[in-house]
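Inspection log for the structure reproduced underneath, given as structure tokens.
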There are 2 protein chains.
Amino acid sequence: MATGRTHRPATRSRGIPEATVARLPLYLRALTALSERSVPTVSSEELAAAAGVNSAKLRKDFSYLGSYGTRGVGYDVEYLVYQISRELGLTQDWPVVIVGIGNLGAALANYGGFASRGFRVAALIDADPAMAGKPVAGIPVQHADELEKIIEDNGVSIGVIATPAGAAQPVCDRLVAAGVTSILNFAPTVLTVPDGVDVRKVDLSIELQILAFHEQRKAGEERAAEGTGPTAATRGKESAKQGPDGDVPAVMPA
Amino acid sequence: MATGRTHRPATRSRGIPEATVARLPLYLRALTALSERSVPTVSSEELAAAAGVNSAKLRKDFSYLGSYGTRGVGYDVEYLVYQISRELGLTQDWPVVIVGIGNLGAALANYGGFASRGFRVAALIDADPAMAGKPVAGIPVQHADELEKIIEDNGVSIGVIATPAGAAQPVCDRLVAAGVTSILNFAPTVLTVPDGVDVRKVDLSIELQILAFHEQRKAGEERAAEGTGPTAATRGKESAKQGPDGDVPAVMPA
DNA sequence: CCATCTTTGTGCACGCGTTCACAAAGACAT
DNA sequence: ATGTCTTTGTGAACGCGTGCACAAAGATGG
């Protein structure tokens, strides 16, 4: 019953591993920087350092795209920029709608990284009638009633959800029904979508919680092996004068 | 030469796999929702569905924390909330500073998900003198000159960078020098940090590019096997009338 | 107290991703 | 033309993460 895939199909696209696809934008950014500095060629070692990855991994990643390097020399920067852009589909124009123009939605609308890579903000949509017509990032906000029409008229296939958690699933359903097949979700909710629709999630709170986990572990280890370095973790522990159990009103059965 | 780890140490904390740690916040969110609805117990199957994961995976994840379930019954919701919170270090107070109060920084400051889980915005910091004193989300913005003092006074060990790309590395260096050991980076740059400092990256542009890749693949497959469903991808292709090569001025050697 | 039924916890196998290490390929100098 | 030197591309090994499938554990009813 409604066993819609909640996560990416990960069907191993053509032969390019998902992990590699996730790194291509990283390489592309590093290459673009080199291109702007008019650097003609770059070795796997240099580029890997710039992208923050292992050079062997980078070479293997590129090998999935084809043999675009020259042995003894390296990779032609401009050519590689083009090849990766094409592989990622950035040589075409992707109209995008952003739904939910609160603080985050506005930030996204103003984010320069979108337009720079083939993405075009086709419309900003919000459920609040008071927002309608108000320009954000130079684009007038449209009411949610227009959602279906906007998507059809602009041929939008990528939607960004920046609504409160409660509104996310209904908005998602409407987007999908109107023809959107890729969704970037900023709302802290698990979205359920039919097969064939990709969902990627960006969750600020989760990232912080992961950091807290490692931070706690570091603090614990430091306390165990005293005097590693009186930096900040210890002070942090001081000011947050609160035992590991704190004041959480948890029911502890057994 | 400055071979600082750019990525997470991933030293396999105590025995809890990194992949499991990344899912714990997901489980915690689902459990919190159940708790608010006063649901006393939940089975791995139900909870897995709510969190959008496989039930076997969930059980294995929990097995790393200990045997907190009761066979034939399931898991006690309140107890599990407490255990996961403790494991993630959320039972203590984590003061956080946000550097760079532009659109994104303001959105983060207003984000409710922070305060709800032990995170407390200790300060907002911006390099623009005009911003100083101006309240954002009820907190007055402080000038970047105060950065070191703020971090020391509040025992901050987690910093959020929401500056433009160019400012990110210098800000990062100052944060680390002042004692911050965990950084959440929203700037589109690879940060270089010394060992022992964790960096997590959230990159809006990269997420969109990954979506574009899959979107392009879907469009290609659909074109190959005609008439799968006249939803939107085809329309998207129509309006974006532009060949796969587009107008990119790339130099094509060889 | 015993039988049955539900649900956990986990051993095992498989596949993906990462890394090493090296042969092949080409540039460059002589 | 030949040798040397640099750097790519990749075969192979390894380790982690995932999912299956089932035995053990406990609740529940008679």
Side-chain angles (χ1 to χ4, degrees), chain A residues 3 5-24 26-27 31 39-77 79-80 83-84 210 253-254, chain B residues 3 5-24 26-27 31 39-77 79-80 83-84 210 253-254:
Chain A
T3 324
R5 283 285 141 49
T6 310
H7 263 317
R8 56 206 141 130
T11 338
R12 171 53 56 79
S13 314
R14 184 177 64 226
I16 302 182
E18 190 62 29
T20 295
V21 172
R23 281 188 294 269
L24 288 181
L26 226 58
Y27 303 145
L31 285 164
V39 177
T41 61
V42 66
S43 71
S44 65
E45 205 73 46
E46 293 167 326
L47 185 55
V53 301
N54 186 299
S55 73
K57 196 187 295 187
L58 179 141
R59 286 198 300 276
K60 177 140 290 196
D61 282 342
F62 285 175
S63 77
Y64 292 115
L65 308 184
S67 285
Y68 293 149
T70 305
R71 298 176 192 229
V73 176
Y75 299 92
D76 182 283
V77 171
Y79 184 52
L80 205 48
Q83 289 298 343
I84 294 180
I210 295 171
Chain B
T3 324
R5 282 286 139 50
T6 310
H7 262 318
R8 56 208 141 128
T11 337
R12 173 54 56 78
S13 315
R14 185 176 63 225
I16 302 182
E18 191 61 30
T20 295
V21 173
R23 280 189 293 268
L24 289 182
L26 226 59
Y27 302 144
L31 285 165
V39 176
T41 61
V42 67
S43 71
S44 64
E45 205 73 46
E46 293 167 326
L47 184 54
V53 301
N54 185 298
S55 72
K57 196 186 296 186
L58 179 142
R59 287 197 300 275
K60 180 146 292 197
D61 283 342
F62 285 175
S63 77
Y64 292 115
L65 308 184
S67 284
Y68 293 150
T70 305
R71 299 178 190 226
V73 176
Y75 300 91
D76 183 283
V77 172
Y79 185 52
L80 205 47
Q83 289 298 342
I84 295 179
I210 296 172

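- On a pure distance criterion of 3.5 Å, no polar donor-acceptor pair joins the side chain of A:K60 and the base of D:dG9.
- At the phosphate of D:dT8, OP1 or OP2 sits under 4.0 Å from a side-chain N or O atom of A:S44.
- A:Y75 comes within contact range of the sugar-phosphate backbone alone, with a heavy-atom separation under 4.0 Å but no base atom that close.
- Distance, B:I16 CD1 to D:dC16 P: 16 Å, rounded to whole Å.
- A:Y27 has its side chain out of reach of A:L80: every pair of non-hydrogen atoms, C-beta onward, lies at least 4.5 Å apart.
- Residue B:R71 has no polar side-chain atom (N or O) positioned under 4.0 Å from OP1 or OP2 of D:dC22.
- Legend: residues meeting salt bridge (charged side-chain N to carboxylate O under 4.0 Å, His left out) with B:R23, ordered by chain and number and at least two apart, are B:D61.
- Computed from coordinates, the B:D61 CG to D:dG19 C1' distance equals 12 Å when rounded to whole Å.
- Contact of the B:T41 side chain with the B:T70 side chain is not registered, since no non-hydrogen atoms from C-beta on lie closer than 4.5 Å.
- One atom, CZ of A:R59, and another, C1' of C:dC20, lie 10 Å apart when rounded to the nearest Å.
- OP1 or OP2 of D:dT18 lies within a sub-4.0 Å distance of a side-chain N or O belonging to B:R23.
- Between A:F62 and A:Y68, the ring center distance fails the sub-6.0 Å criterion.
- Of the candidate nucleotides C:dT8, C:dG17, D:dA27, D:dA27 has the atom lying nearest to any side-chain atom of B:T70.
- For A:A19, counting side-chain heavy atoms from C-beta on, the closest listed nucleotide (C:dT8, C:dG17, C:dA21) is C:dG17.
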